[in-house]
Amino acid sequence: MATEPKKIIIDTDPGIDDAMAIFLALRSPEVEVIGLTTIYGNVYTTLATRNALHLLEVAGRTDIPVAEGSHVTLNKEPKLGVTDFVHGADGLGNQNFPPPNGKPIEESAADFLVNQAKVNPGKVTVVALGPLTNIALAIQMDPEFVKNIGQIVLLGGSFAVNGNANPAAEANIYGDPQAADVVFISGANVLAVGINVTHQVVLSGSDREKLASSKGKFAQYLTGILEVYFAYHFDAYNTNGAYLHDPTALLAAVDPSLVTCTEGTVRVQTSGITRGLTILCNKHKSFGEITEWSNKPSVKVAVTVDAPRVVKLVMDRLLS
């Protein structure tokens, strides 16, 4: 008997690798995308919504609802750290796509998350590819949300390697550290996929050439937007390749066997020079004193990834 596809909501700030992850999800028979929720990060929230609607139109999936998320952090900080220098001013490689015809639904992202979890208890996985503000708002809004949501797979944290926003912090966590801390200690079933693993998953220059030579709709679209992303990686990392952050997190939700995990309590530093730092408390050691880590729920943190298998899945599903 075939198992029914896993229902997923992608919380996203599209972004070039977000576009890849969204297309991957739509090409993955194991999952059913029941909605996109939008957040600032790679671009501001208004543009994230526009890009999400645009990507669904490109994919021919305008039946999937888009719910617009928060425009500010959980603490309503006025300045957002938007990384459009990585993805282009429009978030999608400066291709100047025409505006989408679709509109977001009336429900806010947090309301949509709460309501979908309520009507499908235990059956919805949120794949969070940006700062975690919407998910934290859903947790604060509905005490039952952490029980109703099946799993939260998030791209975030750096876990013992340097961050990519600064040496301490990974960009999504840095975008709203308070929200991230709320999510990590909420008691929800959380899997964090950090850049300690996604930096092992690289789309090579030759992979990019294969996409360029494919007649497939998604491959052709991605070929256009990848130029800016590759140029950023060459400048920042001196490499002819691009890290597949969002696709790796998405595929970890599709097929959990792609990663191995450790478990423990994760806390986030919310101020100072290490703001956005994610610290995992290893459960194998017991500490004498009661601390901010004591008696807090555990989450899973990815520690290894089958990078060749991830890249192969990305290529197989996006070449068409």
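Across all non-hydrogen atoms, the minimal contact from Ala21 to Pro247 is CB-N, 4.0 Å. Contact detail for Asn51 and Gly91: the closest heavy-atom pair is ND2-CA, 4.1 Å. When all heavy atoms of Val146 and Gly187 are compared, the closest pair comes out as CB-C, 4.5 Å. Closest approach of Val197 and Thr304 over heavy atoms only: CG1-N, 3.8 Å. Taking each heavy atom of Thr265 and Pro297 in turn, the nearest pair found is OG1-O, 3.4 Å. Residues Ala171 and Ala165 share a closest heavy-atom pair of CA-CB, 3.9 Å.
Within a 6.0 Å sphere centred on NZ of Lys6, other residues, nucleotides and ligands contribute more than 12 heavy atoms. Around atom NZ of Lys312, no more than 12 heavy atoms belonging to other residues, nucleotides or ligands sit under 6.0 Å away.
With values rounded to the nearest 0.5 angstrom, Ile135 atom CD1 is found 6.0 Å from Thr37 atom OG1. To the nearest 0.5 Å, atom OH of residue Tyr237 and atom OH of residue Tyr243 are 5.5 Å apart. Atom-to-atom distance recorded for Gln220:CD and Thr223:OG1 is 5.5 Å, nearest 0.5 angstrom. Separation of atoms CG (Leu226) and CG (Leu203) is listed at 6.5 Å; rounding is to 0.5 Å. Atom CZ of Arg27 and atom CG of Leu319 lie 10.0 Å apart (nearest 0.5 Å). Expressed to the nearest 0.5 Å, how far NZ of Lys103 lies from OG1 of Thr62 amounts to 13.0 Å.
Between the side chain of Asp181 and the main chain of Pro177, no donor-acceptor pair closer than 3.5 Å is present. One N or O on the side chain of Ser204 and one on the backbone of Asp207 form a donor-acceptor pair closer than 3.5 Å. The main-chain N or O of Lys123 is never found under 3.5 Å from a side-chain atom of Asn120 such that the two would form a donor-acceptor pair. Formation of a donor-acceptor pair under 3.5 Å by the Asp17 side chain with backbone atoms of Asp246 is found in this model. Although no hydrogens or angles enter the test, the distance criterion places a donor-acceptor pair under 3.5 Å between the side chain of Thr278 and the main chain of Ser158.
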Would you please test Lys118 and Asp142 for side-chain contact (heavy atoms from CB on, under 4.5 Å) and show each step? CA-CA 10 Å; Lys118 203 173 276 173; Asp142 178 15; 3.8 Å; yes

Under the criterion side-chain contact (heavy atoms from CB on, under 4.5 Å), I'd like the reasoning laid out for Leu244 against Met20: C-alpha separation, chi angles, the key distance, then a yes or no. CA-CA 9 Å; Leu244 293 178; Met20 295 182 84; 3.9 Å; yes

Quick one, His71 with Tyr44, criterion ring-ring contact (aromatic ring centres under 6.0 Å, His included). Give me CA distance, side-chain angles, the key distance, then yes/no. CA-CA 7 Å; His71 291 250; Tyr44 291 103; 9.2 Å; no

Checking side-chain contact (heavy atoms from CB on, under 4.5 Å) for the pair Asn134/Leu132: CA distance, chi angles, key distance, verdict? CA-CA 6 Å; Asn134 292 333; Leu132 294 165; over 6 Å; no

Passes side-chain contact (heavy atoms from CB on, under 4.5 Å), Asp11 versus Leu36? Steps please. CA-CA 6 Å; Asp11 188 69; Leu36 302 182; over 6 Å; no

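Asp255 has a carboxylate O that lies under 4.0 Å from a charged side-chain N of Arg309, or vice versa, which qualifies the two as a salt bridge. Using a cutoff of 4.0 Å between basic side-chain nitrogens and carboxylate oxygens, Arg317 and Glu30 are scored as salt-bridged.
Under the 4.5 Å side-chain contact rule for hydrophobic residues, Ile34 and Leu129 do not share a cluster. Taking hydrophobic clusters as Ile, Leu, Val, Met, Phe, Trp and Tyr residues chained together by side-chain heavy-atom distances below 4.5 Å, Ile39 does not share a cluster with Val126.
A donor-acceptor pair shorter than 3.5 Å can be found between the side chains of Asn42 and His87. For the 3.5 Å distance criterion, the side chains of Asp90 and Asn96 fail to qualify, holding no donor opposite an acceptor. A donor-acceptor pair shorter than 3.5 Å cannot be found between the side chains of Arg275 and Thr270. Under 3.5 Å, the side chains of Tyr40 and Thr133 contain a donor-acceptor pair of N or O atoms.
In this structure, the side chains of Ile279 and Val266 stay at 4.5 Å or more apart for every pair of heavy atoms. Residues Glu107 and Asn115 meet the side-chain proximity criterion, which asks for heavy atoms closer than 4.5 Å. The side-chain heavy atoms of Val259 and Lys300, taken from C-beta on, include no pair separated by under 4.5 Å.
Applying the salt bridge (charged side-chain N to carboxylate O under 4.0 Å, His left out) test to every pair with at least one member in residues 57-71, sequence neighbours left out, gives these pairs: Arg61-Asp63.
Using cut-offs of 30° and 60° for the angle between ring planes, the Tyr221 and Phe97 rings count as parallel.
Scanning for side-chain contact (heavy atoms from CB on, under 4.5 Å) contacts around Glu292 gives Arg267, with sequence neighbours left out.
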